[in-house]
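Worksheet: the structure to be examined is printed underneath.
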Amino acid sequence: MKNILLRITLSILLVNILAACDRPEPAAQEPGNQPEAPVEAAQDAPVEEVAESEDGKEALPGDGQIAWFDGTVEEAFARARADDVPMFLYWGAVWCPPCVEIRNTVFKSPQFIAQARLFLPVYLDGDTERAQTWGDTFDAKVYPTMIVFNPAGQEITRLHAGIDISAYNTVLELSLDRMKPTSELVRMGMADPASLGDADLRQLAYYSWYDGKALPEDTPPELFLRLSEAAADRDPEASARLYLQYLSMRTTSDETDERPDVGRLSALLDGPSEVFASWDYLITPESLLPAIDDSRAAVDALKARWAGVMKNSRHHADLSTKNQLYGWRPWLVFHFEGDEERSRPLPDDVREAILDDVEEAAKSVAGTHSRQSVINTASNLLRLAGLADEARFLLQTEIGKSKTPYYFIGSLASLEEAEGNDAIALDWHQKAYETAEGPATRIRWWARYVPALTRLAPGSAETIEEVAMYPFDESQGMSEIFSGANFRNLERAAESLGEWAAEYHPDESVLADFDAAVAALCEAQAEGSVERGNCSSL
């Protein structure tokens, strides 16, 4: 059960705040076989087009009020060093829902725009030249990744993509004021948590631990318990986040010593400010609850309170539309616990309330840039609630409106496959791959299409062999195949191809062309380079 729950977390939460942008989600139905519209999807409201510059490319975020550096990343580091100013790096993609939200909330907030005058802002789109190589350098594995560097080029902190706007600005301000690397704060905390100041604890509380590099290997979860205790009387919100990071690490650790009871987590739910500050943690109870050890009655009572607090707080004005929708997650996770098929019926009032929330959310972002993120969240919520038909309708409606429809097409493919509609799923996988734009983006969706082919149409050897060769087609502008996310996607596809060949064609060299292409490109990589090492591992 634990593994099942964690998979659900990764497929939904990561779409929400990180790895959503590392894989597409849900799926669609054939024309003429759609359910009656369950929600109003604001069909008559056109989606606002993203502004374009004179050369036709997407305009930089911030409505022209942020002076993004015009040059290479190397040149940016040199400029920051020469001007003795910190650097803010934003690594994202135009199709990524959390990126779209960041661009149109954080980067448009007056406080961020004002702060941007204090640092050198650098925007690196994942499809631009050398972006994936830099992704390896920064160990950036998810979109968006936001890093603050000091003038010397040392990483200070990483900003978490799931926190609210005010927290972004506060943490950024702290980083700019003090320029203390988070890794240094970790060392100080490991030696003596009491030595950390209030600002130190807040910087640690809002650091992006899921993709950051500030923790030494084998750091014990108890570090965060001690940090939480150090912050308890000084900053209850930071204390709450640090405690939840402790539980998150305990969930995935091999430690067998005594686990905490429900007391601290239950007390956290009593504080509205702590709940809202920790919303990004609390919407995924399956990543925290396994760390708790208490009586069945105590855990059940905690679940009921948890679900109730989040559900009843979901319409708070301080929450984004996306996070308001995710206020349903704990209730749904607990309701369907042990029910992988999601066959347990929803109470009528819950079902109607969810549909009402989705309808209102869709209306509220009609014609806005935030729509990509909100519709993605709404479809995830509907699927989590077992409302596949409603999710299908919402996604199909959205395809005609989005500037990056391949994201939602990929989501439809996932939905149809989960529903057992393999032929429809494969068709959507193909459409997502064919419509994706940008070299790194194309490889990303190619790496989803290839495993889909080997899973759903293993007898189509000719098609599989043909599609497998796509990354090596120079006419497609592919580059940096052995770098960053490109390599991880190539690795994923190669693994599925190898398993398919071993099972269905053990005595044939069906992947001879693919293997030869990999070998030829590998030989072209510089000796001792990361790229040479990556390709050799294939």
Validation row: [X], [Y] side chains within 4.5 angstrom (heavy atoms):
X    : Y    : value
R492 : R448 : yes
V186 : P216 : yes
P260 : I292 : yes
F487 : E480 : no
S414 : R383 : yes
I113 : P110 : no
W91  : Y123 : no
V85  : L118 : no

*Would you check, one step at a time, whether the test side chain to side chain contact (heavy atoms under 4.5 Å, CB included) holds for L174 with L176?*
CA-CA 6 Å; L174 289 174; L176 295 172; over 6 Å; no

Quick one: closest heavy-atom pair of [X] and [Y], and the distance?
X    : Y    : result
A76  : F69  : N-CE2, 3.5 Å
Q132 : A440 : NE2-CB, 3.7 Å
D136 : R488 : OD1-NH1, 4.3 Å
I481 : I443 : CG1-CD1, 4.4 Å
P144 : Y90  : CB-CE1, 3.6 Å
L247 : L288 : CB-CD2, 4.0 Å

Out of curiosity, [X] [atom1] to [Y] [atom2], how far, rounded to the nearest 0.5 Å?
X    : Y    : atom1 : atom2 : result
T404 : Y406 : OG1   : OH    : 5.0 Å
L265 : D261 : CG    : CG    : 10.0 Å
K108 : R103 : NZ    : CZ    : 8.5 Å
E173 : Q203 : CD    : CD    : 12.5 Å

Any donor-acceptor N/O pair, [X] side chain to [Y] backbone, under 3.5 Å:
X    : Y    : answer
D293 : R259 : no
N104 : V100 : yes
T128 : A131 : no
T182 : I156 : yes
S320 : N323 : yes
Y326 : W279 : no
E237 : A277 : no
N534 : F482 : yes
D294 : V262 : yes
T251 : S287 : yes

*Which is it for L159 and I147 under the side chain to side chain contact (heavy atoms under 4.5 Å, CB included) test, yes or no, and what are the steps along the way?*
CA-CA 6 Å; L159 302 181; I147 309 175; over 6 Å; no

Looking at [Y] and [X], is any side-chain nitrogen of the basic one under 4.0 Å from a carboxylate oxygen of the acidic one?
X    : Y    : result
R234 : D198 : yes
R532 : E527 : yes
K322 : E101 : yes
R241 : D280 : yes
E437 : K403 : no

*Passes side chain to side chain contact (heavy atoms under 4.5 Å, CB included), L521 versus C535? Steps please.*
CA-CA 8 Å; L521 271 180; C535 69; over 6 Å; no

*Decide whether R130 and T72 meet the rule of one side-chain donor and one side-chain acceptor closer than 3.5 Å.*
no

*Establish, from distance only, whether the side-chain atoms of Y207 and Q245 form a donor-acceptor pair under 3.5 Å.*
no

Using the side-chain hydrogen bond (donor to acceptor under 3.5 Å, both in side chains) criterion, which residues pair with [X]? Sequence neighbours excluded.
X    : result
T170 : none
S175 : none
D235 : R202
R264 : S239

Determine the interplanar angle of the [X] and [Y] rings, folded into 0 to 90°, and report it as parallel if under 30°, tilted if 30 to 60°, perpendicular if over 60°.
X    : Y    : result
H160 : Y210 : perpendicular
W209 : F224 : perpendicular
F88  : F119 : tilted
W328 : W331 : perpendicular
Y143 : W95  : perpendicular

Is the number of heavy atoms from other residues, nucleotides or ligands within 6.0 Å of [atom1] ([X]) greater than 12?
X    : atom1 : value
E129 : CD    : no
E74  : CD    : yes
D70  : CG    : no

*Taking the six-membered ring for Trp and the single ring otherwise, decide whether the centroids of F138 and W134 are under 6.0 Å apart.*
yes

*Please report the C-alpha distance between F107 and W68 in whole Å, then the side-chain angles of each, then the deciding distance to 0.1 Å, and finally whether the side chain to side chain contact (heavy atoms under 4.5 Å, CB included) criterion is met.*
CA-CA 11 Å; F107 292 164; W68 296 97; 4.0 Å; yes

*Kindly confirm or rule out a cation-pi arrangement of R442 over W446, judged by NZ or CZ under 6.0 Å from the six-membered ring centre and within 45° of its axis?*
no

_Taking side-chain hydrogen bond (donor to acceptor under 3.5 Å, both in side chains) as the cut-off, I'd like each qualifying pair that reaches into residues 76-85, sequence neighbours left out, listed once._
none

Quiz: residues 298-312 side-chain donor-acceptor pairs under 3.5 angstrom, not counting sequence neighbours:
unit_1	atom_1	unit_2	atom_2	d
D300	OD1	R296	NE	3.4
D300	OD2	R296	NE	3.2
K303	NZ	E337	OE1	2.7
K303	NZ	E337	OE2	3.4
R305	NH1	S266	O	3.0
R305	NH1	S266	OG	2.8
R305	NH2	D270	OD1	2.5
W306	NE1	L282	O	3.0
N312	ND2	G308	O	3.0

